[in-house]
Enquirer: 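Got a structure for you, questions after.
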Amino acid sequence: MTSLDIDGQLIELDNEGYLRDLEQWTPAVAEALAGQEQLALTDAHWEVIEVLRDFYHTFEHAPAMRPLVKAVAQRLGPEKGRSIYLMKLFPESPAKVAARLAGLPKPTNCL
Amino acid sequence: MSKSKSFLIISRRPPYGSSHARDALDTALTTAVFEQPVAILFQGDGVYQLLSGQEPGGVRQKNLSATLSALPMYDIDRLYVCARAMAQRGLDQNDLVLPVEVLDDAGIAGLIRNHDVVMNF
Amino acid sequence: MTLHTLNRPPSDRALLTDCLAALLADDTLLLLEDGVYCALESLSLPTGVRCVALAADVEARGIGSRLPAGIEVVDDAGFVELCCRNDRVLSWF
Amino acid sequence: MIFSLLVYGAPHSHQAAESAYRFAVSALNQGHGIHRIFFYGDGVHNGSALASPPQDECDLPARWQALAEQHELDLVVCIAAAVRRGVLDANEALRYEKPAHNLRAGFELSGLGQLAEAAIQSDRLITFGA
């Protein structure tokens, strides 16, 4: 079992690096999780993470890639609402990687 | 995917009492992610899924109507309700969380014939 | 043409009503599992709709001799053939 | 003709799974193909390796497995429905840090996308609801 040490507070992760307790998410936790992926979070990352957290709180589920792209397009404009743009920010699987950093539940591998 | 088929999902069960309503919705979302055209018909007690004001925290479930509100994000915009189901329950469009088209029995029978795959939940 | 299957007894009134309302001429209604008990009611089917009941379920429930004249009984092979002959299969449950 | 089946009922609690099994056998006997059998909702319990009915009752999970081996059937258990209900393969047991796994040989866990794909690729999708 791994954990993050955020200013002396221990945040437990499961064996795939997802938060055990989603309530413990803070921006500092997101920074630390990103560090594990060798990602340095810029404003461009943060605005997508915000869209993702808003989506989750409004619709009560983490979006698949297509609705994520649509949500980003609606909020941040068509230039950013493209999968290529999101792939650059969150390599390999944007919906999955960004969801982990945003403190959303572990995906059920349902697609 | 090369082939495309039109899907109609009929959702007949009320929310929360069983997993049927959630399963119908998950099937609709997944089918849309597979880029197939999807329509949903709410029939029988299924129309209660659309009722506004749901607060299922006390029964420790997620808000189904919140996920239903995401349907436009998945480009699922053909939503139908059964006219009989609405009338029997004294409901009208103003009671619902999403805009829907009301269909009478003939409309529903025609809807079924117009879709390649019809799944009932 | 649609094959409709129904597997709930007639006491599930709302289901039976919605199923019957969805039938169009040339459709077939297949009753199976507890749905075979619906055959014992006088169902008002639209003209041109065929109603059949699944043999194993009719026998299991001992209602073969009680079936009204208009209801045909088909075996499992007949069920498969009906699926082939119709354009889609819609299950009411 | 190519069929896919959607099975919504658990063995024993509901007749749906047994009806689906008989349909599958009958379709195969007539020379039809079965693209996939998808187990959803409580139907995921058809994929349990631990179901233990008395010897004089039908062991449906064992029958599915035998039918799959005989005809190389694709038996897919919805992963999201299964892990919620405690039907796990070795990989998911590891992911969720569980002490055991119980998915029967011949079945695989996969996503709901496999249901959509089955409906697209098959001539008919037949639902056995519960």
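Below, all heavy atoms of this structure are taken into account, side chains as well, without hydrogens, waters or symmetry copies. Since we're looking at a predicted model, the values are computed, not measured.
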Enquirer: In chain order, what residues pass the ring-ring contact (aromatic ring centres under 6.0 Å, His included) check against D/H45, with sequence neighbours excluded?
Expert: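 Applying ring-ring contact (aromatic ring centres under 6.0 Å, His included) to D/H45 gives none.
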Enquirer: Where do B/S19 and D/R85 come nearest, in terms of heavy atoms and distance?
Expert: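 The pair with the smallest heavy-atom distance is OG-NH2, 3.3 Å.
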Enquirer: If you count every heavy atom of other residues, nucleotides or ligands that lies below 6.0 Å from B/E55 atom CD, does the total exceed 12?
Expert: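 It does not: B/E55 CD has 12 such atoms or fewer within range.
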Enquirer: Which pair of heavy atoms, one from B/T30 and one from D/G113, lies closest together, and at what distance?
Expert: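 Scanning both residues completely, I find the closest heavy atoms to be CG2-N, 3.4 Å.
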Enquirer: Does the side chain of D/Y40 come within less than 4.5 Å of B/D26's, by heavy atoms?
Expert: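 Of all side-chain heavy-atom pairs linking D/Y40 with B/D26, at least one is under 4.5 Å.
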Enquirer: Atom CG of D/L125 and atom CZ of B/F7: how far apart are they, to the nearest 0.5 Å?
Expert: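 That separation rounds to 8.0 Å.
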Enquirer: Determine whether more than 12 heavy atoms belonging to other residues, nucleotides or ligands lie under 6.0 Å from atom NE2 of D/H12.
Expert: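 Atom NE2 in D/H12 is not packed in, count stays at 12 or less.
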Enquirer: Is the side chain of B/H20 donor-acceptor paired with the backbone N or O of D/A130 at a distance under 3.5 Å, no angle test?
Expert: yes
Enquirer: State the CG-CE distance between D/L6 and B/M119, to the nearest 0.5 angstrom.
Expert: 7.0 Å
Enquirer: Could you tell me the separation between the NZ atom of B/K3 and the CD atom of D/E117, rounded to the nearest 0.5 Å?
Expert: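 Reported value, rounded in 0.5 Å steps: 9.0 Å.
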Enquirer: Is the CZ atom of B/R89 crowded by more than 12 outside heavy atoms at less than 6.0 Å?
Expert: yes
Enquirer: Who wins among B/D116, B/D23, B/N120, B/T27 for the most heavy-atom pairs under 4.5 Å with chain D?
Expert: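 Looking at each of B/D116, B/D23, B/N120, B/T27 in turn, B/D23 comes out on top.
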Enquirer: For the pair D/R124 and B/V117, evaluate side-chain contact (heavy atoms from CB on, under 4.5 Å) and give the outcome as yes or no after the intermediate values.
Expert: CA-CA 8 Å; D/R124 303 282 182 276; B/V117 180; over 6 Å; no
